[in-house]
Amino acid sequence: MYRENRDLLARAIREETGGADPLLTDGEAHADLASTVAFALAKKERRRPPEIAQELAGRLAKRPDLMGIRVEATGPYLNFTFGSEYLDRSLQAAVKPGYGSLPRREERVVVEHTSANPNGPLHVGHIRNTIIGDTLARVMKKAGYRTETQYYVNDMGRQIAIVSWGVDRYGGGDPAVKGDDRIARQYIAANRELEADPALTSEIDRLMQQVEAGEPETVAKFRSAVSICLDGIKKTLADLHVSHDRFVWESDFVRNGDVGRVLDRIRLLPEYRRDETVWLDLAPHGFDKRYILQRSDGTTVYAARDLAYHIWKARHCDRMIDVLGADHKLIGAQLQCTLRLMGETPPSIVHFEFVSLPEGSMSTRAGKFVSADDLIAEVEGKAREEVARRREDLGEAERHAIARSVAVAAIRYDTVKVSPEKAMVFDWRQALDFERQSGPYLQYAHARACSILEKAGPFTGSFGYSDPHEIALAKMIARFPSVIEQAADQLAPHLLAAYAHRLADLFNTFYQHVPVLKSESPSRERRLTLVRGMQNTLRECLETLGIDALASM
RNA sequence: GGGCCCGUGGCUUAGCCUGGACAGAGCGCCGGGCUUCUAACCCGGAUGUCGGGGGUUCAAAUCCCCCCGGGCCCGCCA
């Protein structure tokens, strides 16, 4: 309804002004929507904005298609306030399962995220990628796109060669240790040894040549080491409510000849250069650095395989979205540029800035990081304390289940609420805060609503709101589909996080000031319907954020 | 050195793309509210040169330029 009214108003303003940009904005406290079009017209018409607004308001108010929308000019502003029918119809939609889902589209979207090198466990930097990516995928799905998530597995880079070399040298470690932790130990030890004795580097080079040539034993060793690590990573991802639809192995593109074919096509580009290496001269396109694709020993670098991957990926979807750290900005832009030169589809790239520790940036190689597993364990521990304190009535298993959900909610929300371009310093105090601007706060609002609905028993849905708290809440509920739309259009999952908070906030205020169960019919039924609508909206919203909508906590 | 990003109350942050009505929140601080639908809550209060300067505009946190501070990138790594 909100989106319909917005589009209706935009068209009406365009028609009444002879095609001016409607300049619709959020009306905030003043109205549901507002327009500043009178300012824009003032210059052209050489009249004062309030005068124009006044006249325009008069014309708009007479339009039959805007029946039910109150139009008024407040000084130079045009304010539009939607009538009660708007709220009633919005609530009718809001109580239905799947509320907020936009009409299905045919477009297929592939969201690639996380794709961390399998040389150790995910740390708090990686999971920013994971959480942004997974939330984005959920948003796209909710916005009607056919969506698939992919993890691009680097199983043949230098770092993996070091891992494989280490596994060979140290015997693979204790099988009781989680795969990603086990691999990290080999990787860290191998790096230490390589730093001490640089001559050993030639052994790494040889491994990389062997794997590129498809030498079976080396290939098998790389795969095995990567699989061990990936098993651990998948476990961590599952703990965060993340699963990928597909894992795409980098080496497959070498083995199936795709990388070779990419290089063949590259040769035909005017940007193609060959000396000891194969590279592209992208200077005419604004990149002064060489874009190297093949080393002097004939092995390909990551960039070549990445081109092959994206070309393959583009065959299976209409749109690609990659979630990458800000350190990949240059290489990402070069990739997009090259794909364009080849006549291929470039991906949209969502970059996020780094997460660092108070003592500096993280490093897997140096073993300097806070692992996602540690974070989850720590937050879950705190959640257990909280649940134990509040819910003595529940059994231990039930309390642990709640604590687990609360922990994931806290972590996911903390990460997704910050816009991606903001660099973050990881902060334990903030991670362990379950108050207002947190995932648990949202879950709490949902649980409160569920509790009311459960105690209420069956009731007949009915509509009509007059109390300011009711109206404010109903209006926020009505906005949900437009928030999904906006988050999808802008690839900005944090917009959804902000919405969830505003919704929960308004509900808690409503909860405090407006009695539901104790109110008299017909208010009781109307308010119960509103609570149902809010609960359903918040549930859909939380689901899209990858957070459990708990019925009790 | 060049490129990209960030700089909003003590701390964290929304708003910036698409300029417009008093810059929203959270933490912390001060004060209030649990015989009443779950107090992970609610209500009230103090705290802001929107990094600095210039420009564009009727109007700038928002657009442009310069400067300062921080992060990232500039590899035959990924």
Side-chain angles (χ1 to χ4, degrees), chain A residues 21 23-30 34-36 38-40 42-43 48-49 74-77 79 115-117 119 154 157-160 205 250 276-279 286-290 292-297 299-303 305-306 325-331 333 351-354 356 361 383 386-387 389-391 406 410 414 417-425 427 429-430 433-445 447-456 490 494-495 497-498 501-502 504-505 508-509 511-519 527-528 531 552-553:
Chain A
D21 186 333
L23 298 173
L24 284 172
T25 61
D26 186 23
E28 286 163 48
H30 310 278
S35 168
T36 55
F39 287 109
K43 187 174 288 177
R48 295 170 42 75
T74 310
Y77 300 96
N79 284 332
S115 303
N117 275 337
N119 58 3
N154 168 13
R158 174 158 234 106
Q159 296 175 50
I160 303 310
D205 293 339
E250 191 179 1
E276 34 332 330
T277 62
V278 170
W279 56 284
F287 304 96
D288 6 292
K289 293 292 168 183
R290 297 178 170 200
I292 292 171
L293 299 174
Q294 195 170 27
R295 300 184 182 93
S296 53
D297 67 1
T299 57
T300 54
V301 298
Y302 169 84
R305 278 118 50 187
D306 211 16
D327 54 338
H328 285 63
K329 272 188 183 176
L330 175 60
I331 197 109
H351 287 287
F352 64 93
E353 289 289 334
F354 260 52
S356 57
S361 54
E386 293 290 325
V387 178
R389 200 156 51 74
R390 293 157 204 272
R391 299 301 301 270
V406 166
D414 256 337
K417 75 180 178 190
V418 180
S419 53
E421 65 268 19
K422 223 85 160 187
M424 299 173 88
V425 177
D427 178 4
R429 217 174 72 93
Q430 223 168 297
D433 179 11
F434 297 160
E435 284 176 19
R436 272 184 98 178
Q437 224 158 58
S438 75
Y441 173 82
L442 308 175
Q443 291 178 306
Y444 187 69
R448 278 179 141 184
C450 286
S451 172
I452 292 179
L453 293 166
E454 200 201 323
K455 289 198 168 83
Q490 300 183 17
H494 74 279
L495 296 178
H501 178 255
R502 281 182 300 168
D505 235 7
N508 277 327
T509 304
Y511 181 94
Q512 196 73 23
H513 299 281
V514 184
V516 177
L517 295 177
K518 270 163 290 183
S519 63
R527 288 174 182 171
L528 278 168
V531 172
S552 156
M553 66 186 277

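Per chain, numbering begins at 1; letters A, B, ... match sequence-line order.
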I'd like a list of close polar pairs between nucleotides 1-3 of chain B and the protein, N/O only, cut-off under 3.5 Å.
none

task: Starting from C1' on B/rC41, measure out to CG on A/Asp433 and report it in whole angstrom.
output: 14 Å
- prompt: Can you check whether A/Gln437's main-chain N or O pairs, donor with acceptor, with A/Lys417's side chain at less than 3.5 Å?
  reply: yes
Taking the same atom, [atom1], in [N] and in [M], what whole-Å distance lies between them?
N: B/rC66; M: B/rC29; atom1: C1'; value: 39 Å
N: B/rU56; M: B/rC65; atom1: P; value: 15 Å
N: B/rC50; M: B/rG44; atom1: C1'; value: 26 Å
N: B/rG1; M: B/rG45; atom1: P; value: 49 Å
N: B/rC34; M: B/rG20; atom1: C1'; value: 45 Å
N: B/rG28; M: B/rU13; atom1: C1'; value: 14 Å
N: B/rA60; M: B/rG55; atom1: P; value: 12 Å
N: B/rU49; M: B/rU12; atom1: P; value: 16 Å

message: A/Arg502: which residues meet the salt bridge (charged side-chain N to carboxylate O under 4.0 Å, His left out) condition with it, sequence neighbours left out?
response: none
task: Could I get the full list of salt bridge (charged side-chain N to carboxylate O under 4.0 Å, His left out) partners for A/Asp288, not counting sequence neighbours?
output: none
Rounded to the nearest 0.5 Å, what's the gap from [atom1] on [X] to [atom2] on [Y]? Could you check?
X: A/Asp205; Y: A/Arg158; atom1: CG; atom2: CZ; result: 4.5 Å
X: A/His501; Y: A/Tyr441; atom1: NE2; atom2: OH; result: 5.0 Å
X: A/Asp433; Y: A/Asp414; atom1: CG; atom2: CG; result: 7.5 Å

message: Closest-nucleotide mapping onto RNA chain B: is A/Val516 or A/Asp427 further toward the 5' terminus? I mean the 5' end.
response: A/Asp427
query: When the nearest nucleotide of RNA chain B is assigned to A/Val514 and to A/Met424 on a heavy-atom basis, which residue is associated with the more 5' position?
result: A/Met424
task: Answer yes or no: are there more than 12 heavy-atom neighbours, outside A/Arg429 itself, under 6.0 Å from its atom CZ?
output: no
Tabulate protein N/O versus nucleotide N/O from nucleotides 76-78 of chain B, keeping only pairs under 3.5 Å, one per line.
from	atom 1	to	atom 2	distance (Å)
B/rC76	O3'	A/Arg295	NE	3.4
B/rC76	O2	A/Ser296	N	2.8
B/rC76	O2	A/Ser296	OG	3.0
B/rC76	N3	A/Ser296	OG	2.8
B/rC76	N4	A/Glu276	OE2	3.4
B/rC77	OP2	A/Arg295	NE	2.3
B/rC77	OP2	A/Arg295	NH2	2.7
B/rA78	OP1	A/Arg295	NH2	3.0
B/rA78	OP2	A/Tyr302	N	3.1
B/rA78	O3'	A/Asn154	ND2	2.6
B/rA78	O2'	A/Asn117	OD1	3.2
B/rA78	O2'	A/Asn117	ND2	3.0

message: Let's go through A/Arg448 and A/Asn508 carefully: what are the C-alpha distance in whole Å and the side-chain angles of both, what is the deciding distance for side-chain hydrogen bond (donor to acceptor under 3.5 Å, both in side chains) to 0.1 Å, and is it a yes or a no?
response: CA-CA 9 Å; A/Arg448 278 179 141 184; A/Asn508 277 327; 2.8 Å; yes
Contact letters for nucleotides 15-22 of chain B, in which S counts primed atoms plus P, OP1 and OP2 and B counts the base, heavy atoms under 4.0 Å: S-BB-BBB
message: Within the 3.5 Å criterion, strictly below it, is a donor on A/Thr277 or A/Arg290 matched to an acceptor on the partner's side chain?
response: no
Pairs: protein N or O with nucleotides 28-34 of chain B N or O, under 3.5 Å:
none

query: For B/rC42, does OP1 or OP2 lie under 4.0 Å from any side-chain N or O of A/Tyr441?
result: yes
